[in-house]
J.: 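Have a look at the structure that comes next, please.
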Protein chains: 2
Amino acid sequence: MSAAAGPRPVSIFDVAKRAGVSHQTVSRVINDAPQVAAATRAKVKDAIAELGYRPNRSARALAGGALKSVTVLTTDTSLYGTAETLRGIEDAARAAGFSVLVSVMDPDQAYSEADLLGRLPHDGAAAIVIAHDETTVRAMRALHERQPGATVATCGEHQEDRDADWLISLDDRTVAARATRYLLDMGHRQVHYLAIPGTAGRRTGWSDALAAAGITAPAAVESGWSVAAAAEAATALVADPAVTAILCGNDDLAFGVLHAAHRAGRAVPGDLSVIGFDDYPLAAYHVPPLTTVDLDFRGVGRGAFERLRAMLEGGPDPRPSWRSPELIVRETSGPPRQ
Amino acid sequence: MSAAAGPRPVSIFDVAKRAGVSHQTVSRVINDAPQVAAATRAKVKDAIAELGYRPNRSARALAGGALKSVTVLTTDTSLYGTAETLRGIEDAARAAGFSVLVSVMDPDQAYSEADLLGRLPHDGAAAIVIAHDETTVRAMRALHERQPGATVATCGEHQEDRDADWLISLDDRTVAARATRYLLDMGHRQVHYLAIPGTAGRRTGWSDALAAAGITAPAAVESGWSVAAAAEAATALVADPAVTAILCGNDDLAFGVLHAAHRAGRAVPGDLSVIGFDDYPLAAYHVPPLTTVDLDFRGVGRGAFERLRAMLEGGPDPRPSWRSPELIVRETSGPPRQ
DNA sequence: ATGAAAGCGCTAACAT
DNA sequence: ATGTTAGCGCTTTCAT
């Protein structure tokens with residue numbers, strides 16, 4: 001699909017001829033090989049500039065060179081967390097000269113290993129999966145099993161793998177516990193949890209904190225991913241005057257709860273405290289500003305890429321460079337009304 | 001970066017041997033060439049399945065075959081409109097067997113043509129630019145000039161190009177005028193506009209409607225892209241009791257205005273009507289629900305890809321298949337208080 | 001309907 | 001320090 005027809009693009013041979021050297025020397029120059037005389041290198045670089053030469057990635061890949069690409073697999077690029085993670089990956093990848101491919105999966109479909117591999121540009125191609133639901137979690141496991149040296153994932157759950165070097169995650173469990181305790185400490189007798197599908201970390205942190213306080217956790221209320229689903233799922237919860245505090249799986253759910261609470265005539269935070277997760281840019285400017293948890297998705301994306309690169313190129317394992325989750329208290333949470 | 005070492009991936013020759021045919025016949029089968037005996041085709045397909053063969057995209061591209069990839073260029077993949085457009089492109093691209101590359105540009109940087117081309121996997125590679133600011137608009141022009149047969153853009157502004165077949169855009173101008181008139185018809189004497197950087201369509205529609213009503217348009221208030229920037233930029237505006245209606249460049253800005261209005265003690269919609277653009281999923285669940293304009297970004301993304309494909313493969317020009325912008329009246333707009 | 005030969009642009013090995 | 005020779009896996013011709 002080169003389409004844009006036009007004259008044949010300039011190749012390494014054209015450059016070689018122009019510079020009066022062999023094509024191999026040109027190859028050395030564009031790959032920053034050490035043993036090239038400064039004068040030669042300059043000549044070649046001039047020729048490259050004059051001709052507007054650009055290396056052909058396909059030829060490079062085929063010849064056994066580094067392809068330098070990552071494929072990002074996920075189910076929803078519009079979700080805030082996913083979009084930010086993708087952005088972090090892209091930032092780091094670009095800086096390292098990698099190109100990034102995006103492959104969106106259907107959350108409601110079951111993928112065979114062949115389906116998954118078919119999304120990679122070639123066998124053994126590097127992949128990062130942004131995992132947050134059943135489909136992506138399964139994909140991350142399958143891909144890692146098949147090509148452990150070229151697969152990395154970001155994921156907010158599944159503590160069993162937490163320490164695996166190929167799995168980058170934020171400690172949402174600890175901060176969920178902290179948020180729950182914060183609510184309890186203010187005098188709430190009970191904290192409810194509105195859950196996004198599949199996430200175990202936040203849910204576990206929440207029940208941990210409750211258990212530590214000697215409180216029996218109520219059943220978590222299951223919600224879908226959308227604000228609409230949350231508003232719907234939380235209807236009964238917010239209508240119950242005994243419910244004074246709700247921890248939500250993410251900010252979208254929190255907004256849904258706020259909406260439902262408003263409709264039910266419950267004042268926030270007077271009658272009801274609501275806490276989200278993610279700290280959407282909007283959270284601070286919501287009316288009232290949302291108490292939530294800052295999650296550094298972009299940093300995690302960058303970290304995932306760096307880890308992948310270390311795997312691929314055998315460099316030193318990069319130090320984690322993202323912020324730890326942090327509870328940000330704003331105006332949707334407070335002590336219960338006596 | 002094939003990394004994941006392992007045994008050499010199976011090639012077309014392995015399949016050929018297994019099926020007892022030449023490698024060329026295998027090539028014909030995987031490319032759905034017509035002149036292959038049904039029996040042969042079946043044999044080959046079996047061999048492919050048994051061996052788990054997957055064609056190597058790089059080799060294909062190099063040999064002059066279709067690369068089937070699109071590079072999406074934009075400045076911010078986290079913006080709602082951009083994320084949705086990207087999603088639409090990805091949907092359509094996947095269905096057509098194309099892979100999609102994402103390349104994020106820095107909005108504050110000036111890019112040379114070489115910089116831009118360097119983001120494509122090879123010379124003449126297909127590209128879609130999601131344009132919404134100076135950087136991306138410039139990129140879209142430069143790329144289109146350089147490779148008119150392989151560049152498409154989505155863009156909400158710049159009417160001069162509106163009818164170009166390579167430029168897909170929504171008619172935000174007309175709907176902006178409609179929204180303004182709606183406000184005027186309810187009795188507002190004046191409508192103010194809080195502008196996102198660079199967009200001409202909405203701004204023009206707004207001033208058109210004002211002019212048509214014989215009203216001199218006030219200076220538009222310039223804002224950045226963020227909710228924070230909008231809240232800041234709108235501070236003076238919302239504080240002015242003479243201001244009763246504000247049209248905002250997008251929903252983020254509208255949320256910023258709502259925040260500022262709340263801080264200034266102005267009731268919405270009693271004292272102040274606010275209208276956004278984009279219809280974020282959250283808009284309907286905001287408290288109060290936001291009056292805004294539905295913009296079918298995902299449809300536009302799909303459309304952009306289809307157009308590109310038609311260019312590339314010379315197919316029939318696809319019919320536009322996205323929804324027209326539509327004003328959605330919710331609860332942040334109403335008649336001015338007498 | 002099928003096969004054989006050539007070559008895409010590049011890098012890896014081996015020269016020198 | 002530089003040049004020469006092979007191929008990477010595939011699609012094109014061009015045969016048969």
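Chain letters run A, B, ... following the sequence lines, proteins first, then strands; residues in each count from 1.
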J.: Out of dT11(C), dT11(D), dC10(D), which nucleotide sits closest to the side chain of Ser27(B)?
T.: dT11(D)
J.: Report the distance from atom CD of Gln24(B) to atom P of dA5(C), rounded to the nearest whole Å.
T.: 13 Å
J.: Would you please name every residue forming a ring pair (Phe, Tyr, Trp, His ring centres under 6.0 Å) with Trp322(B), sequence neighbours left out?
T.: none
J.: Separation of Lys68(A) atom NZ from dT11(C) atom C1', in whole Å?
T.: 14 Å
J.: Closest-nucleotide mapping onto DNA chain D: is Arg41(A) or Ile30(B) further toward the 5' terminus? I mean the 5' end.
T.: Arg41(A)
J.: Within the structure, does a side-chain N or O atom of Ser22(A) lie under 4.0 Å from either OP1 or OP2 of dG3(D)?
T.: yes
J.: Could you tell me how far apart Ile12(A) (CD1) and dT11(C) (C1') are, to the nearest whole angstrom?
T.: 8 Å
J.: Atom pairs under 3.5 Å, N or O on each side, protein against nucleotides 14-16 of chain D: can you list them with distances?
T.:
none

J.: Salt bridge (charged side-chain N to carboxylate O under 4.0 Å, His left out) with Arg18(A): which residues, sequence neighbours excluded?
T.: Glu50(A)
J.: Mind checking what makes ring pair (Phe, Tyr, Trp, His ring centres under 6.0 Å) contact with Tyr80(A), not counting sequence neighbours?
T.: Tyr280(A)
J.: Could you check whether any side-chain N or O of Asn31(B) sits under 3.5 Å from a backbone N or O of Ala33(B), counting only pairs where one atom can act as donor and the other as acceptor?
T.: no
J.: Do any side-chain nitrogens or oxygens of Thr25(A) fall under 4.0 Å of OP1 or OP2 in dG3(D)?
T.: yes
J.: Under 4.0 Å: is that the gap between some side-chain N or O of Asn56(B) and OP1 or OP2 of dC8(D)?
T.: no
J.: Expressed as a whole number of angstroms, how long is the span from Ile48(A):CD1 to dG9(C):P?
T.: 16 Å
J.: Got a donor-acceptor pair under 3.5 Å from the side chain of His23(A) to the base of dT4(D)?
T.: no
J.: Rounded to whole Å, how long is the line connecting atom CZ of Arg60(A) with atom P of dT11(C)?
T.: 5 Å
J.: With sequence neighbours excluded, what pairs up with Ser99(A) under the side chain to side chain contact (heavy atoms under 4.5 Å, CB included) test?
T.: Arg57(A), Ser69(A), Leu101(B)
J.: Counting only heavy atoms not in Gln109(A), do more than 12 fall under 6.0 Å of its CD?
T.: yes
J.: Mind checking what makes salt bridge (charged side-chain N to carboxylate O under 4.0 Å, His left out) contact with Arg119(A), not counting sequence neighbours?
T.: none
J.: Under 4.0 Å from any atom of DNA chain D, heavy atoms only: list the residues of residues 32-40 of chain A that qualify, in numerical order.
T.: Gln35(A), Val36(A), Ala37(A), Thr40(A)
J.: Quick one: Leu62(B) CG to dG9(C) P, roughly how many Å, whole number?
T.: 7 Å
J.: Roughly how many Å is it from CG in Asp14(B) to P in dG9(D), rounded to a whole number?
T.: 9 Å
J.: Does Asp317(B) have any salt bridge (charged side-chain N to carboxylate O under 4.0 Å, His left out) partners at least two apart in sequence or in another chain, and if so, which?
T.: Arg307(B)
J.: Excluding sequence neighbours, so at least two apart, what forms side chain to side chain contact (heavy atoms under 4.5 Å, CB included) with Ala93(B)?
T.: Val70(B), Phe98(B), Val100(B), Phe305(B)
